[in-house]
Structure formats: C-alpha cells, structure tokens
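Quick notes on the structure that follows.
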Amino acid sequence: MDGLTIVILAAGEGKRMRSRQPKVLHRLCGRPLIGYALRTARVLADRIVLVVGPDADGVRAAAGEGVRVVEQRERLGTGHAVLQAREACGAGTILVLPGDSPLLSSETLTALVAQHRAAGAAATVLTAVVDRPQGYGRILRQGGRVTRIVEERDATDDQKKITEINTSVYGFDARRLWKALGELRPDNDQGEYYLTDVIGLLARAGGRIEALAAPDPAEALGINDRKQLAAVAAIQRRRILDGLMEAGVTVLDPASTYVEDTVTIGPDTTLYPNVVLEGATTIGSECVIASGCQVSASRFGDRVTLKPYCVVSEAVVEDDATLGPFCHLRPGCHIGQKAKIGNFVEAKKARIGRGSKANHLAYLGDATVGEDVNIGAGTITCNYDGRAKHETRIGDGAFVGTNATLVAPLVIGEGAYVGGGSTITKDVPPGALAVGRAPQVVKEGWAARRARATTREEPGD
Ligand code: UD1
Ligand code: CA
C-alpha cells in the first residue's frame with residue numbers, strides 16, 4: 001500500500017517462554033514466529049522496519065532482503081521499541097505489528113489501514129472480542145469511542161471483565177505517533193514505556209481513534225508461552241490442512257496429520273493418518289504417503305508411494321518410485337524413477353538409478369547405483385574404514401546377490417554379478433561374476449557319526 005511503513009516489534013526477551021532462544025525464533029508449524037509477521041508485512045508494506053533486541057543475530061538473519069533492522073538496546077517496553085524505529089520510518093501511515101501474533105491476516109491489516117486512512121484517524125486499533133481476555137490489554141470506550149487501553153496488570157476488577165482486547169496491531173499517523181511517544185511515562189506496574197498508552201494520549205489530545213474488530217478473533221492470539229505456542233500451532237496446522245484439501249489433497253485424518261507451513265503438495269496425493277511432513281518439502285501429485293511416515297526437506301515427483309513408516313530427510317525421489325515399508329533415507333539420497341527401496345533399507349548419500357531395486361534389509365551409503373540394478377537382501381556397502389568414508393559405484397544392470405559385503409572404495413561394472421554372501425574388496429569388471437566367500441564343504445554322513453560319538457562319551461544318559 002502506498003507510503004505504508006510497517007514496524008514489527010521483535011525485541012522482547014520472551015521471558016514467559018523460559019527459553020534460551022528469542023521468542024520470535026520459536027517455530028510454529030516449521031516457520032519461526034517472526035517469519036509469519038514478515039510474510040504478512042511483505043504483502044502490504046513499502047517499507048519494513050524490524051525492531052530487534054541486543055544479541056539477536058538469529059532474528060536479524062531471519063529478516064531477509066529489504067528489511068531495515070533497528071536495535072532496541074534496552075528493553076524498556078513496546079512504546080520505547082517503536083521509538084527506536086523512528087529514523088527508519090517514512091512519513092504517512094505507520095502500521096505496528098507484534099512479532100508474536102502469527103495468525104494475523106493481510107486482509108485484516110489491509111482493511112485496518114484503509115479504515116484508518118479513510119477516517120483520517122490519529123490511530124486505529126485492531127481489537128478482538130474473545131472469550132478469555134486474560135493476559136491481554138483491554139479496550140476502554142466512552143460513548144462507543146476508544147479512549148484508552150489498560151494492561152491486565154494495571155486493570156481494575158471491572159476493567160478485567162471487558163472482553164474486547166488489544167491485538168497490538170495499530171495504524172498510526174506518523175507525525176502524531178512520534179509526538180505522543182515523546183510524552184510516554186513508564187508509570188505502570190512494569191515500569192515500561194507502553195505503546196498502549198499512546199492511544200490514551202492521542203485521544204486526550206483530541207485525535208480520532210478508530211477501532212476495527214478482527215473478523216476472526218483467532219487472529220489476535222499472541223504467543224507469550226509454550227502453551228500458547230501449542231494452541232496457536234493447532235489452529236495453524238488445521239489451516240494448512242484445510243488449504244491442502246481445498247487444493248485437491250486427500251487428508252484421511254486431519255487430526256493426526258502434521259504438515260508444516262513450508263510444505264507444498266500436488267493434487268490427488270493422499271496422506272494417511274500419522275504422517276509428518278516438515279521443512280522445505282515438495283510432494284508431487286498422485287502420491288500416497290502411508291501411516292507413520294516422516295519426511296523432511298525432501299522433493300518428491302509424481303506418483304511416489306511411501307508405504308508405512310518411512311523416515312526420509314533431504315532426499316529427492318523421482319516419479320513412480322516406491323519406498324518402504326520401514327525405510328530410512330538419510331540426507332543426500334536421490335532415488336530415480338520407478339526405483340524401489342524396500343523394508344529395512346537404510347541409505348545415505350546414495351544415488352539409485354531408474355528402475356533399480358533394493359527391496360530388503362540393506363545399507364547403501366556413499367553409493368552411486370546405476371539403472372535397473374538389483375541389490376540383494378542384506379547387502380551392505382562398507383563405506384567407512386574407521387577413518388574416512390569411501391564410495392561404492394555399481395553400474396547399470398548389475399546384480400548384487402543376497403548378503404553381499406561391498407568394501408569401498410569399490411566399482412562394480414555394468415551388468416556384473418556378485419555371488420550371494422560375498423565379501424567384495426576388489427573392483428568387478430563389467431559383465432563379470434565375482435564370488436568372494438569360503439568354498440562350501442560337505443561331509444557326507446557326518447550327523448550319524450556325531451550321534452554315535454555322543455553316545456560313547458555319555459553312556460549314562
Ligand atoms: C502486548 C500489549 C497488550 C496486547 C498484547 C497482544 C503492550 C504494553 N501490551 O502485551 O495490550 O493485548 O500485546 O498480544 O504493548 N517488544 C519489544 N520491546 C520491548 C517489549 C516488547 O520489541 O521492550 C515486542 C515483543 O517482542 C513482542 C511485542 O513487542 O513481539 C509485544 O510484547 P509482549 O511482551 O509480548 O507484550 P504483551 O504482554 O503480549
Ligand atoms: Ca505478546
């Protein structure tokens with residue numbers, strides 16, 4: 001919106017979180033709290049100013065391109081925090097957002113700014129009428145007009161009964177805001193410079209105070225402690241799933257499905273109960289993700305099937321591949337089209353070519369496997385010699401028999417065969433058969449001889 005500066009307050013310590021991490025870096029459905037405020041602000045603002053506390057490198061890093069970051073060296077309250085942004089702000093309208101209210105929508109904020117400007121108001125407060133106002137500032141009105149905001153800890157018993165609360169979102173006329181901030185006094189229970197007091201000051205100076213009630217009171221929910229974090233996450237989680245369902249994803253049991261805000265899923269994909277999809281994960285269309293799967297920071301093509309209980313991190317899985325049940329892809333795997341990674345197979349930094357199969361009980365680490373390769377049950381790439389990791393390369397069409405021990409560094413050529421139970425320590429040329437195991441010994445009649453020997457030794461029994 002034209003000439004709009006958004007100031008995001010993120011300098012608070014977040015004492016109530018009881019955390020070493022700044023509150024606004026705590027994650028809600030995979031995104032730090034501050035990420036939500038920034039995302040909403042980016043939709044609306046010409047200019048974004050982020051107020052951070054001292055030692056807040058993590059918060060600064062989250063700010064990203066084009067955001068002006070100012071530091072509030074001493075945490076003297078929300079009013080003091082806004083004052084730190086003064087030099088970085090434009091003239092005109094200033095919209096203040098709390099950094100800890102992730103459910104605020106850009107539609108509501110747009111409506112607030114529009115109302116503020118249309119009325120020529122000194123300030124416009126976003127309020128919400130809630131069932132449980134505890135912990136929030138209460139909106140005081142006279143003759144219908146907002147006259148001031150009182151914080152819960154400074155409120156009388158009667159004021160505490162008011163259910164219209166301050167969301168900490170305000171539109172301000174810049175000039176009048178800076179003047180009022182200069183007049184703030186820390187005469188409250190916490191001895192802080194409260195931004196809320198600016199409303200009373202502006203009203204007393206004859207300024208027009210507008211209010212807009214959030215259409216959905218959930219938007220007002222601020223996060224001060226971990227119980228609130230969980231409560232807001234539950235709402236956000238449901239919103240994410242609703243959005244996916246609207247876009248054509250089948251979610252069999254929304255109550256038990258956890259999909260982070262950073263995940264995208266194509267239409268006609270089905271999520272079974274107890275699925276967790278997190279981080280920057282992209283899933284194509286017509287995939288099936290069965291129960292108990294946990295996928296993070298991975299990219300799946302179309303028609304990928306995950307049978308139950310797969311754990312997949314930082315992997316690329318191409319179209320029509322099948323994983324599981326019970327497979328573990330550790331970071332750096334690339335599974336080609338139509339490949340199959342089956343039960344109890346663990347892979348790490350493994351590239352598995354199109355149509356190749358490792359169907360049972362294998363470990364593939366630091367491996368490059370070509371196309372249409374068969375990896376027999378129980379095959380292990382021995383990639384670690386106690387000091388360093390080594391690579392195994394297996395050519396197209398090779399057949400690795402059951403229970404092979406492949407000691408890396410190792411190259412198995414195209415179309416080569418490895419006999420079951422072999423320990424392979426030397427490269428296998430293309431098309432060759434390698435067998436590396438003790439020759440079998442057969443002793444005819446041995447069992448009967450043993451039985452006779454036992455009888456002689458223990459005649460009493
Ligand atoms: C604040 C409002 C309260 C409102 C509630 C809505 C004040 C005094 N109270 O209370 O009326 O109902 O939000 O959620 O404003 N911050 C700073 N510097 C500071 C202190 C805070 O940048 O010195 C930031 C925090 O990081 C946070 C925001 O300001 O993002 C609000 O601070 P917080 O302490 O959470 O205020 P509340 O007690 O929730
Ligand atoms: Ca808060």
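In listed order, ligands and their atoms are each counted from 1.
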- Query: So Arg73 and Gln84, side-chain contact (heavy atoms from CB on, under 4.5 Å) or not? Walk me through it.
  - Reply: CA-CA 9 Å; Arg73 281 196 195 86; Gln84 311 312 303; over 6 Å; no
- Task: Apply salt bridge (Lys or Arg N to Asp or Glu O under 4.0 Å) to Glu391 and Lys349, showing your working.
- Result: CA-CA 10 Å; Glu391 242 200 288; Lys349 280 196 195 155; over 6 Å; no
- Task: Report the C-alpha separation of Ile352 and Lys340 in whole Å, then their side-chain angles, then the decisive distance to 0.1 Å, and conclude whether the side-chain contact (heavy atoms from CB on, under 4.5 Å) test is met.
- Result: CA-CA 9 Å; Ile352 311 292; Lys340 287 191 176 159; over 6 Å; no
- Query: Does the salt bridge (Lys or Arg N to Asp or Glu O under 4.0 Å) test come out yes or no for Glu151 and Arg153, once each step is laid out?
  - Reply: CA-CA 6 Å; Glu151 286 305 284; Arg153 54 207 306 166; over 6 Å; no
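Among protein heavy atoms, atom 25 (C) of ligand 1 sits closest to Gly12 N, 3.6 Å. The protein heavy atom nearest to atom 15 (O) of ligand 1 is Thr78 OG1, 2.8 Å. For atom 14 (O) of ligand 1, the closest non-hydrogen atom on the protein side is Tyr136 CE2, 3.8 Å. Shortest contact from atom 8 (C) of ligand 1 to any protein heavy atom: Tyr194 CD2, 3.3 Å. Among all protein heavy atoms, the one lying closest to atom 22 (O) of ligand 1 is Ala11 N, 2.9 Å. Scanning all protein heavy atoms for the shortest distance to atom 18 (N) of ligand 1 gives Gln72 OE1, 2.7 Å. In terms of protein heavy atoms, atom 1 (C) of ligand 1 is closest to Ser168 OG, 3.7 Å.
If you look at Asn224 next to ligand 1, the close heavy atoms, those under 4.0 Å, all belong to the side chain.
The pair Asp320-Lys338 fails the salt-bridge criterion, with no side-chain N (NZ, NE, NH1 or NH2) lying under 4.0 Å from an Asp/Glu carboxylate O.
The nearest non-hydrogen atom to atom 20 (C) of ligand 1, considering only Gly77, Pro98, Ala81, comes from Gly77. The closest heavy-atom contact to atom 24 (C) of ligand 1, among the options Thr196, Leu97, Leu9, comes from Leu9. Relative to atom 9 (N) of ligand 1, the option among Glu151, Glu192, Glu74 with the closest non-hydrogen atom is Glu151. The closest heavy-atom contact to atom 35 (O) of ligand 1, among the options Val82, Asp100, Ile34, comes from Asp100.
Each of the atoms 23 (O) of ligand 1 lies under 4.0 Å from some heavy atom of Leu76. Using a 4.0 Å cut-off to heavy atoms of Thr167, the atoms of ligand 1 that qualify are 6 (C). Heavy-atom proximity to Arg75, at under 4.0 Å, picks out these atoms of ligand 1: 23 (O).
Val51 does not count as a contact of ligand 1, since none of its heavy atoms falls under 4.0 Å from the ligand. The shell of residues lying under 4.0 angstrom from ligand 1, judged by heavy atoms, includes Arg16. Under the 4.0 angstrom criterion for non-hydrogen atoms, Lys23 is in contact with ligand 1. Residue Ile165 places no heavy atom under 4.0 Å from ligand 1.
At a cut-off of 3.0 Å, Ser168 does not coordinate the Ca ion (ligand 2) through any N, O or S atom.
Residue Gly137 has at least one N or O atom closer than 3.5 Å to an N or O atom of ligand 1. For ligand 1, the polar-atom distance check finds no N/O of Tyr170 at less than 3.5 Å from any of the ligand's N/O atoms. Considering backbone and side-chain atoms alike, Asn166 places an N or O below 3.5 Å from some N or O of ligand 1. Annotation: Ile149 places no N or O atom under 3.5 Å from an N or O atom of ligand 1; distance criterion only.
To the nearest 0.5 Å, atoms CD1 (Ile34) and CD1 (Ile8) are separated by 5.0 Å. Atoms CZ and OG1, from Arg238 and Thr257 in turn, are 9.5 Å apart once rounded to the nearest 0.5 Å.
Tested against Asp261, the residues Arg237, Arg239, Arg39 include a single salt bridge (Lys or Arg N to Asp or Glu O under 4.0 Å) partner, Arg39.
No donor-acceptor contact under 3.5 angstrom links the side chains of Glu219 and Thr167, judged on distance only. Between the side chains of His26 and Ser19, a donor-acceptor pair is found at a separation under 3.5 Å.
For Asp100 (side chain) and Gly222 (main-chain N/O), no donor-acceptor pair under 3.5 Å exists by modelled atom type. With hydrogens and angles disregarded, a donor-acceptor distance shorter than 3.5 Å links the side chain of Glu260 to the backbone of Gly279. Counting only distance, with no hydrogens or angles, the side chain of Thr281 and the backbone of Ser298 share a donor-acceptor pair below 3.5 Å.
Geometry about the Ca ion (ligand 2) gives an angle of 90° between OD2 of Asp100 and OD1 of Asn224, rounded in steps of 10 degrees.
Residues Val249 and Gly266 approach most closely at CG2-O, 3.4 Å, considering heavy atoms.
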